[in-house]
Amino acid sequence: MEQPHPLAAVPPPGGTLAERELEASLGWLIGLRWVAGLGVLIATWTTGKLLLLQLAAGPLYAIGASILAYNLIFWWMLRRLRRHSVAPSSGANRLAYLQIASDWVAMTLLIHFSGGAESPAILYFFFHIALASILLSSRATYLYAVLATCLVGGTLLLEYEGLLPHVAVVGFVPVPLYRQPAYVGGVLFFFASAIFVVAYLATRMTTRLRRREAEVVDLSQRLQHAYGRLQTLYEGAQVVSSTLDLQQVLNRLVEGTAKAMGVRACSIRLLDETGARLRVAAVFGLSESYLQKGDLALDRNPLAREALAGKAVIVGDVMTDPRLQFPAEAVAEGIRSTLTVPLPGKSGPLGLIRAYSTEANQFTSDDGTFLSAIAGQGGIAIENAMAYHKLAALDQMKSKFALTVTHELRSPVSVVRSLLRTMAAGYAGPMSATQADILTRTLHRADFLQTLIDDLLDLAAGKSDVATTEEPTLVSLDEAVERGVKRFETLAQEKQVALEWQGESDDRPILISATNEGVDRVLNNLLSNAVKYTPAGGRISVTLQRAAFSPHPSSGGEADAGDVCLEVRDTGIGIPEESLPHMFEEFYRAPNAKALVKEGTGLGLAITKDLVGRSGGRISVQSTIGLGTTFRVNWPIVRG
Ligand code: ADP
């Protein structure tokens with residue numbers, strides 16, 4: 001569950017959306033200014049040369065050239081800012097103020113040199129107010145509106161008073177207007193009021209847009225946060241349900257939760273059998289001494305009662321919350337706030353899961369929902385693990401029972417068999433033909449009973465830990481197979497079935513880690529089935545081959561020398577397709593086998609699979625009805 005805490009999501013690289021926008025707008029403003037500078041130069045030239053109006057061309061050309069010159073500087077500054085700045089937002093803001101201020105000086109000069117109160121360039125100020133509202137704050141925009149009014153008003157008044165020489169565009173207005181109070185007053189009034197109305201409208205619009213933008217950013221951050229949590233939940237579910245070991249499930253839950261929530265610790269307490277106490281079942285991030293404080297008693301712990309009732313309980317500050325049973329211990333542990341939710345089970349809560357933070361007021365109701373979702377998954381995983389443990393224990397009990405019963409049956413049955421054999425041999429006096437026939441059949445049934453008991457004992461022994469089985473050793477498989485094949489030669493001959501055996505061509509022994517008894521039992525089961533289910537005239541071939549290296553899931557570290565494959569192939573009755581999935585189930589016998597051989601326990605293959613599994617191997621079967629069957633057993637080879 002190693003992953004960054006979703007809350008730790010930071011704004012995307014390059015600053016916030018608004019900051020990145022400002023930077024882009026500055027570039028756009030610089031682009032516009034190239035046009036404006038050139039525009040001033042072209043307009044001056046056109047007015048003088050084409051319209052043949054007299055104007056102060058020199059200063060106006062100088063203004064146009066200065067605009068282009070300082071724009072070049074701004075362009076260079078923006079490039080530097082983009083490349084080097086660690087905190088681009090403050091730099092961009094400063095550059096925005098500087099650009100607008102420079103423009104306004106240029107604008108004021110332009111107005112002055114193009115006729116003052118008579119200049120049509122006065123209207124260009126409105127563009128700049130709109131620009132300021134886009135780039136800067138509302139306050140700054142109003143401040144600029146005041147500044148614009150002062151600059152234009154000042155220029156107009158100074159010219160009116162004669163303190164500043166009036167530079168006219170001769171021929172543009174029929175009579176000079178700059179000294180007519182009504183005209184100058186009118187221009188000033190409408191300029192000032194219009195500039196404030198534009199400032200008001202533009203800032204209102206941009207404020208609303210900015211609010212929306214902030215909402216979008218906030219929403220996308222929340223979405224990212226929610227996505228992070230969903231991912232955590234998904235990964236958590238996978239991790240927790242990847243094992244059925246209860247303690248492992250609990251440990252993974254507490255560790256994963258603490259990491260996903262980015263908090264110091266997490267614990268799980270499960271209700272004991274009495275349902276009155278909560279016992280610590282798993283902990284992550286808490287000290288031993290803190291855990292020594294003992295079980296939580298429900299009658300003395302209102303917080304636990306509240307949580308068990310189904311609520312997510314937040315303790316904002318352990319120092320002041322009266323619901324805590326051990327507040328002093330929590331403070332000593334460095335814990336300031338906690339969040340507790342119930343672990344739901346099918347028939348009521350199983351216990352509690354609690355997250356601990358070193359910060360006060362760390363948890364929100366959102367965290368409560370998140371932890372409850374984790375607890376929901378955890379509850380299922382815990383119940384699954386508990387059910388699995390119960391089943392395993394029951395299976396063990398069943399096996400022990402079968403072991404005891406079959407063990408007790410073994411000796412009386414073998415006594416019965418030996419007595420019956422004595423009678424059949426005639427030691428108890430002569431018998432009629434009918435009596436002899438009945439006796440033979442009884443002996444036959446008793447033999448089967450013995451087989452059944454032996455198989456049951458083997459099966460139960462494999463499943464119960466009490467059975468004292470041989471310790472695994474290095475078994476030379478080629479020798480074991482050769483011996484096994486020899487044991488069945490006579491039986492195969494009697495049945496007129498050919499039995500062939502082919503081992504590996506080289507002389508190196510093939511060693512596997514198993515028990516001699518187990519390997520013999522596997523060979524006996526496979527070979528006896530092959531003989532049993534192959535009619536006269538058929539063939540059985542046994543081969544042993546080293547397979548190319550294939551990493552074996554259950555092999556130990558030393559078993560890296562590849563696999564060995566034992567194959568028992570026959571040309572017998574085969575197995576119906578629908579029976580194949582049940583082949584290794586206890587007591588299962590395919591219908592065609594039952595029809596051919598009445599007696600059979602259906603336990604041999606179950607025992608074989610168990611034995612093969614114990615020695616780190618795998619068994620598989622392939623069969624075509626009427627054509628034959630192949631059993632393959634793969635064992636990891638152990639280096640000799
Ligand atoms: P049993 O032989 O006592 O019936 P096993 O567990 O050894 O029990 O085998 C289970 C079933 O698998 C058999 O009843 C039979 O249907 C099928 N089987 C096993 N080996 C073969 C084989 N070589 N050919 C055909 N069927 C087989």
Side-chain angles (χ1 to χ4, degrees), residues 399 402 406 409-410 413 444-463 481 484-485 487-489 491-502 517-544 565-614 617-634:
S399 302
T406 42
L409 284 175
R410 199 180 222 171
V413 169
H444 200 64
R445 303 302 287 175
D447 284 345
F448 174 63
L449 194 58
Q450 183 78 57
T451 316
L452 183 64
I453 288 169
D454 287 346
D455 277 358
L456 277 172
L457 265 175
D458 277 343
L459 190 74
K463 291 201 169 183
V481 178
V485 172
R487 281 199 294 276
F488 282 87
E489 268 168 0
L491 199 64
Q493 263 170 19
E494 277 170 20
K495 254 202 104 177
Q496 293 170 11
V497 172
L499 176 58
E500 300 159 358
W501 145 241
Q502 176 150 34
E517 190 194 326
V519 172
D520 284 351
R521 194 82 171 90
V522 168
L523 286 162
N524 286 354
N525 283 342
L526 295 180
L527 287 169
S528 69
N529 278 347
V531 175
K532 198 159 47 169
Y533 299 117
T534 305
R539 182 185 309 121
I540 300 167
S541 48
V542 181
T543 54
L544 193 63
C565 179
L566 165 72
E567 207 174 83
V568 179
R569 183 191 294 264
D570 65 49
T571 56
I573 59 169
I575 299 164
E577 210 180 318
E578 62 276 15
S579 297
L580 279 171
H582 308 288
M583 261 317 89
F584 300 101
E585 287 171 13
E586 292 156 22
F587 301 107
Y588 184 82
R589 301 193 70 211
N592 63 337
K594 276 191 205 165
L596 185 74
V597 184
K598 287 247 155 22
E599 280 151 2
T601 62
L603 289 171
L605 284 182
I607 296 166
T608 306
K609 187 174 183 206
D610 182 56
L611 287 168
V612 169
R614 278 162 179 270
R618 277 169 298 160
I619 183 164
S620 60
V621 59
Q622 254 177 4
S623 185
T624 312
I625 185 118
L627 287 181
T629 305
T630 305
F631 280 93
R632 276 191 200 91
V633 185
N634 279 71

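Sequential numbering from 1 along the given sequence is applied to the chain's residues. For ligands, and for the atoms within them, numbers begin at 1 and follow the listed sequence. In this text, all values refer to a predicted model and were calculated from it rather than measured experimentally.
- Of all the listed residues (E586, E599, R569, R589), R589 holds the heavy atom that lies closest to atom 4 (O) of ligand 1.
- Counting only heavy atoms of the protein, atom 24 (N) of ligand 1 lies nearest to T629 OG1, 3.4 Å.
- Residues T629 and V621 are in side-chain contact: their nearest non-hydrogen atoms beyond the backbone lie under 4.5 Å apart.
- Residue T601 has at least one nitrogen or oxygen atom sitting less than 3.5 Å from a nitrogen or oxygen atom of ligand 1, judged on distance alone.
- A heavy-atom separation below 4.0 Å is found between G574 and ligand 1.
- Only the side chain of F631 comes within 4.0 Å of ligand 1, judged by heavy-atom distances.
- Close approach of ligand 1 to A590 is summarised as follows: ligand atoms under 4.0 Å from at least one heavy atom of the residue are 14 (O), 16 (O).
- Which parts of ligand 1 touch Y588 is read off a 4.0 Å heavy-atom cut-off, strictly below it: atoms 10 (C), 11 (C).
- Residue pairs meeting the ring pair (Phe, Tyr, Trp, His ring centres under 6.0 Å) criterion with at least one member in residues 584-612, sequence neighbours excluded: H582-Y588.
- Residues forming a ring-ring contact (aromatic ring centres under 6.0 Å, His included) with F448 (at least two apart in sequence, or on another chain): none.
- Considering backbone and side-chain N/O of L605, one or more are found under 3.5 Å from N/O of ligand 1.
- In this structure, the protein non-hydrogen atom closest to atom 17 (C) of ligand 1 is M583 SD, 3.6 Å.
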Worked check of side chain to side chain contact (heavy atoms under 4.5 Å, CB included) between L603 and L452: CA-CA 8 Å; L603 289 171; L452 183 64; 4.3 Å; yes
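- Within ligand 1, counting atoms from 1 as listed, the ones closer than 4.0 Å to a heavy atom of K532 are 1 (P), 2 (O), 3 (O).
- Expressed to the nearest 0.5 Å, how far CG of L409 lies from CD of Q450 amounts to 10.0 Å.
- Closest protein heavy atom to atom 23 (N) of ligand 1: D570 OD2, 2.8 Å.
- Residue G600 approaches ligand 1 through these ligand atoms, each under 4.0 Å from one of its heavy atoms: 3 (O).
- Looking at G602 next to ligand 1, an N or O pair under 3.5 Å apart turns up.
- Between atom OG1 of residue T608 and atom CG of residue N529 there is a gap of 7.5 Å, rounded to the nearest 0.5 Å.
- Neither the backbone nor the side chain of T608 comes within contact range of ligand 1; no heavy atom lies under 4.0 Å.
- Against a heavy-atom cut-off of under 4.0 Å, N529 is close to the following atoms of ligand 1: 2 (O), 5 (P), 7 (O), 9 (O), 19 (C), 20 (N), 23 (N).
- Put simply, the side chain of V481 reaches to within 4.5 Å of the side chain of W501, judged on heavy atoms.
- Taking all atoms of both residues into account, the shortest heavy-atom contact from G602 to R589 is CA-CG, 3.8 Å.
- Panel note: side chain T534, backbone V531; no donor-acceptor pair is recorded below 3.5 Å.
- Close approach to L603 involves these atoms of ligand 1, each under 4.0 Å from a residue heavy atom: 6 (O), 8 (O).
- Annotation: atom 21 (C) of ligand 1 to nearest protein heavy atom, Y533 CD1, 3.5 Å.
- Counting protein heavy atoms only, atom 26 (N) of ligand 1 is closest to I575 CG1, 3.4 Å.
- Residues L527 and L499 approach most closely at CD2-CD1, 4.4 Å, considering heavy atoms.
- Contact atoms of ligand 1 toward A593: 14 (O), 15 (C), 16 (O) (distance under 4.0 Å to a heavy atom of the residue).
- Taking CG from D610 and CD1 from I619, the interatomic distance works out to 11.5 Å, rounded to the nearest 0.5 Å.
- Residue-environment remark: CD (Q502) stays at or below the threshold of 12 foreign heavy atoms within 6.0 Å.
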